[in-house]
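Written out below as structure tokens is the structure these notes cover.
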Amino acid sequence: MYKEVPPKTIEEKLDVIIDHLEAMDHRDRLRTIGGTIKGMISMIPIIILVGSMWYFYKYGDQLLEKIAQQAAKQAAIVTEQKGSAVIQKFEDLMGR
């Protein structure tokens, strides 16, 4: 890079200062926009959490009922399968 010639007059010095301030203003504007977008993105998990809590508060009893019904069906199927195997082994032992 080349070395800039230092300004000689007050007006030239003020022009250099204004150029630097304008560059800083542009960077600050971009930083503010980026911070706003980052803030909105960081709110997504909070919105999902609050929405989930509301859903479970509103429909939690129905959800638990469905889970209990499915668990009972699975338990009945497993018990039937295991029970028939145990009865078959017992009958084999008794000689039938």
Side-chain angles (χ1 to χ4, degrees):
M1 295 195 61
Y2 62 91
K3 198 171 191 179
E4 291 185 23
V5 178
K8 305 261 189 241
T9 64
I10 299 290
E11 287 81 17
E12 290 175 352
K13 289 179 181 178
L14 287 174
D15 287 340
V16 170
I17 292 172
I18 289 173
D19 289 340
H20 286 291
L21 288 175
E22 286 176 352
M24 288 173 53
D25 184 45
H26 181 68
R27 281 184 296 187
D28 286 343
R29 192 174 310 127
L30 288 176
R31 198 174 295 144
T32 302
I33 292 169
T36 303
I37 292 171
K38 183 180 176 185
M40 288 181 189
I41 290 173
S42 68
M43 291 177 73
I44 291 172
I46 295 170
I47 292 170
I48 291 172
L49 176 69
V50 170
S52 298
M53 289 173 53
W54 172 82
Y55 181 82
F56 286 123
Y57 177 76
K58 187 86 169 161
Y59 301 107
D61 53 343
Q62 295 172 4
L63 184 63
L64 289 175
E65 185 178 324
K66 287 180 183 180
I67 291 172
Q69 287 175 354
Q70 288 295 325
K73 286 179 186 177
Q74 291 295 323
I77 290 170
V78 169
T79 303
E80 182 180 317
Q81 291 172 350
K82 299 284 183 180
S84 63
V86 169
I87 291 173
Q88 183 65 34
K89 285 183 182 180
F90 184 69
E91 288 177 352
D92 291 342
L93 287 174
M94 295 301 284
R96 288 188 175 174

Rounded to the nearest 0.5 Å, how far does [atom2] of [Y] lie from [atom1] of [X]?
| X | Y | atom1 | atom2 | answer |
| --- | --- | --- | --- | --- |
| L14 | D19 | CG | CG | 11.0 Å |
| Q69 | K66 | CD | NZ | 9.0 Å |
| E11 | K13 | CD | NZ | 10.5 Å |
| R31 | K38 | CZ | NZ | 12.5 Å |
| E22 | D25 | CD | CG | 8.0 Å |

Subject >> Side chain to side chain, M40 and T36, heavy atoms closer than 4.5 Å >> reply: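 A side-chain contact exists here, since the closest heavy-atom pair is under 4.5 Å.
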Original post:
Between I41 and P45, what is the shortest heavy-atom contact and its length?
Top reply: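 For I41 and P45, the tightest heavy-atom pair comes out as O-CD, 3.7 Å.
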**OP:** Identify which one of V50, I48, L49 satisfies the side-chain contact (heavy atoms from CB on, under 4.5 Å) criterion when paired with S52.
**Re:**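 Of the listed options, the one satisfying the test is I48.
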Original post:
Can you list every pair that meets ring-ring contact (aromatic ring centres under 6.0 Å, His included) and has a residue in residues 17-60, with sequence neighbours left out?
Top reply: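 For residues 17-60, and leaving out neighbouring residues, the ring-ring contact (aromatic ring centres under 6.0 Å, His included) pairs sorted by first residue read Y55-Y59.
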